[in-house]
Amino acid sequence: MEYMLKTVGLDKTVTTSEGQLTILKGIELEIKESESVAIAGASGSGKTTLLSLLAGLDVPSQGQVFLGPYELTAMNEEQRAKVRGELVGFVFQTFQLLASLTALENVMLPAELKGDARAEQQARDLLERVGLSHRSHHYPNQLSGGEQQRVAIARAFGSSAKVLFADEPTGNLDTATGLHIIDLMFSLNQEFGTTLVLVTHDQRLADRCNRAINIESGELVQGVD
Amino acid sequence: MHFMLALKLLWRDWRAGELTLLLASLVIAVGTVTTITLFVDRLQKALLQESATFLGADRVISSSSPIDTAWQVKASSLGLRQAQTLGFLSMVFSDDRAQFSSVKAVDENYPLRGQLIISEAPFVRGRPITHGPKSGEVWMESRLFPSLDVTTGDVLDIGVAGFPLTQVLVKEPDRGGGFESAAGPRVMMNLADVPVTEVVQPGSRLTYRYLFAGDEQALQDFERWIRPKLKVGDRWLGVRQGAQGIGNALDRAESFLLLGGLLGVVLAGVAIALAAQRYSLRHYDHVAILKTLGATPNGVDSIFVTILLVLGLVGTLLGSALGFVTQMGVVNILDSVIPIELPGPGFRGIWLGLITGFICLLSFALPPLLKLRATEPVRVIRRDIDTASVSDRLTYSFAIIGTLGLMYWYSGDYKLTLLIFSGAVVATIVLSIVAYLMLRSGRILGMQAGSSWRLALAGMQRRGRENTLQILVFGLAIMLLLILYLVRTALITEWQAQIPKDAPNHFALNISPQDVEPIEQLFKEKKIKAQPLFSMIRGRVSKVNGESARERKISSWRQRQSEGGKGGGGPGIDSSRNLTWATKLPSQNDVIEGSWWEENYSGPTLVSVEESFAQRGDINIGDELVFTIQGQTLTALVSSIRSVAWDNMQPNFYIIFSPGGLADFPATFMTSFFLDKTNKLFLNQLLRQYPTMTVIEVDAVIEQIQSIIENVTLAIELVLVLILVSGALVLLASIQASMDERFREHAILRTLGAGQRLVLGSLFIEFCVLGVFAGLLATFGAEITVYALETQIFDLKYELNPVLWVIGPLTGMVLIGVVGVAATFKVVKTAPSTVLRESI
């Protein structure tokens, strides 16, 4: 298989109080295995929506999405969830850690959901890798923004994901911390050989990727390698 | 599948305080139901046992002839204990005096319930004893001693036999409601001694009473078997028919306690629903994250159902333990006040509590949690995604079915269930409409953060939907509390009015006309509170509209039997009874048909007839009754039918003549008076001075009734307290549900410069205004529901409560204002940065 991700004729329209709103139109996209792609565009261009469709978090109004060997658009939510558990990792702008779980427990979650007996050991290794083993028993509200994002990154790789989706991962961080996070993400990415798709305004992040694609008013504009 | 994960999340949520309110609501719900059921069960059993002492048994067959021995064999085969008594009227003689008396011969098993009280001397406190006189001795009521001028040890002649008077009979359990004993003072002897007296001859008027006691199921089986076999004139008496004065009180108390339990269940259900709703709302984001990590909808279900089941198990067990301990504590506290021995707690209460807990969880907590499975994972990126895609209709259906089911199961009374439920539905609709109207009155622009008032009002309008719900919940909780309070007050007022503390507790009969003035003077001198004297004549109805009264009685009895009626309580219309005349309608008598005569009436003789008497004889307004009085006949027309409060232990009459109606007949007089325990020896003086007078002591009976009523009142107040706790929890849950949004809003306000005083002031105003509205609407709902309850269930007279329309809104304002601010005080105390950081 040449591609990890593929879309065919992807449309997304939503109904608002003012009528139908087209967010994405005719998106045709292919992303290869182990490729890193940045999706860029102005606010409201539809890049986050595209990310959520690629990750199977949402369903398009029209078109098809293929993730690995699976056609996401032909699946129900139960099946999509299983695919996410098997293939996908996420890093969000707002970290999205569970407040009632410690750093270690948050990282353990994906493996626990799969019933993996090695969940705890794996999680400890990952926290060590991101430099937070000494904070493993702390709760998210006891960690700084950068530390929370590192935990989120550790969690994303904890599911042995083939594809990592990141939505503005440095959006809530200061410049210096953001740089650290970028370095961490890419080094782990290389180590695990994952395909990386990220939405970003951060030019430094976009520059680190193999390719950048632009979305303008819901339509794909050819990217730059 | 995700059992360990579920347990971990449960534990973490518990540590974070996410589950406190839900668990507390569940524990209180189960605890309330368990406490009430256990306590009520025990009290009911005890009251029934106590009430059975009025009969001396659980059931009695009363007949004018011996019953078929096969009946006694049947009773034995069902495991019932039996006793027998024989009653007849006879002269009894001392050395130089004679008295007409009511003799009761009892066997060695008598009484089956309750105790007799005997003493060595008349009119002193006695000691309890569980059997009657042995063969060869007799006991006698206190008042006969001065009348016959005898003391204990002297011999009393009954018929041709003489017996030593060994004890004074102070109290026998089944003496009856006082006025029936006007037939004669009591002499008690052993049943085996009756033949030697030769008093009982063919044609003697005798009352055979066969007493039964035992297991309730066996008694009911026996009743079913025996009813078709009863003859005309046979009476089957259970506790309620036999227990004059308390039957009604017991019925009402049971209904009230059930009502309390019902309301407790409803309130608890609301609290659980609110707490579960909040828990669910706070977990949408968590579930969205779990879904991005691979949790399937079924997986989400299994996690939260596991959480619910574990919580349910812990909550119901804790609640049952709490209920058991609370109930034991209450019993201990009330031990000195409740004079009756409470039987041990049964398992029914525990089971009821456990099952209630799980039904509450399933009906109220499960639906909000099931919504979580439909959380869209894209919510992690787009917070604007709506959450409630599992139908709200399903949620409400679960809740309604669960509520109705629990209410009916708990009360076993569909009428009560429907009344309460309808009241709540009507209140809900009205509350919603009014709240909607309030919000429609122009949307205020902006946050209006310039003053606490404007901030509060603008906030209320903005949070329209949530505020409607809050008014609804507050209103419902206050309404249920008001209902309970109103009904309780009405019941207690009615009971106290029936038998006030200084109600006359002695009757004096057979007062000759020439003794009336001296006796009135004596009462005045001794400062004894006495009622005005009534004249009294013995007579009986011989004809009704030309038909023999006896024939009428029989045909009426047959008709009632064929209609499957349980009627037959009460003496036959042709029996001899006390007749009187009156100018005014006596107190606690109400004319229900026809009309009472004028005070100065002097026309043809009229009579006013009591309603059950009229029913037994099929007597109507305008009917002609012929009376046989002292060998002569007297005709009178029925001009009114009255209802009489027989429970009030006052002289009451089945038949009252118009003024002058009985002028041709020599009458004696009667009165009732109040005598304190310490003054009992006055009766010695009274009876020695006026030996022809009969005095009936009902003080012991009245005391017993009052004590039972007081105990029941206590139980009712306990229920009220428990329900108040449930209600407070509901208020708290409802306020908590709105906390998150208030936190965020006010944190932002404070970062923009709003002071703590402004924010606190606006919170206080908002809750007070919500409270006033809720109180007003609750009062409206309560009045309607209480009207239905009082007239349909409790058989009380409904009266509007104007004061309530002030108290209701005031209570709402104070209660919700204070509780609301106390619960949301954190909003002003928590640093805005903490709130804002945690909400990211």
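Proteins get letters first, then strands, A, B, ... in listed order; numbering begins at 1 in each.
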Mind ranking Thr292(B), Leu5(B), Asp13(B), Leu9(B) by heavy-atom pairs under 4.5 Å with chain A and telling me who comes out on top?
-> Thr292(B)
With distance as the sole test, does Glu376(B) use its side chain to make a donor-acceptor pair with the main-chain N or O of Asp58(A) at under 3.5 Å?
-> no
Under 4.5 Å between any side-chain heavy atoms of Ile289(B) and Arg155(A), yes or no?
-> yes
If one checks every heavy atom of Leu53(A) against chain B at 4.5 Å, the contacting part turns out to be neither
Within a strict 4.5 Å, meaning less than it, do heavy atoms of the Leu290(B) and Leu98(A) side chains meet?
-> yes
For Glu86(A), is it the side chain, the backbone, both, or neither that has a heavy atom closer than 4.5 Å to a heavy atom of chain B?
-> neither
Where along residues 72-83 of chain A does a heavy atom come under 4.5 Å of chain B, listed by residue number?
-> Glu77(A), Glu78(A), Ala81(A), Lys82(A)
What residue, out of Val88(A), Leu57(A), Leu109(A), Thr49(A), has the most heavy-atom pairs lying under 4.5 Å from chain B?
-> Leu57(A)
Tell me, for Phe165(A) versus chain B, whether the close heavy atoms (under 4.5 Å) come from the side chain, the backbone, both or neither.
-> neither
Do other residues, nucleotides or ligands put more than 12 heavy atoms under 6.0 Å from Gln62(A) CD?
-> no
Test item: Glu112(A) and Lys8(B) side chains (from C-beta on) under 4.5 Å apart, heavy atoms | yes
Ala295(B) versus Arg84(A), closest heavy-atom pair with distance = O-NH2, 4.5 Å
Within 6.0 Å of NE2 in His180(A), more than 12 heavy atoms from elsewhere | no
Nearest heavy-atom approach of Pro110(A) to Leu293(B) is CG-CD2, 4.0 Å
Does the side chain of Val380(B) reach to within under 4.5 Å of the side chain of Phe90(A), using non-hydrogen atoms?
-> no
Check whether more than 12 heavy atoms from other residues, nucleotides or ligands sit under 6.0 Å from atom CD of Gln64(A), and answer yes or no.
-> yes
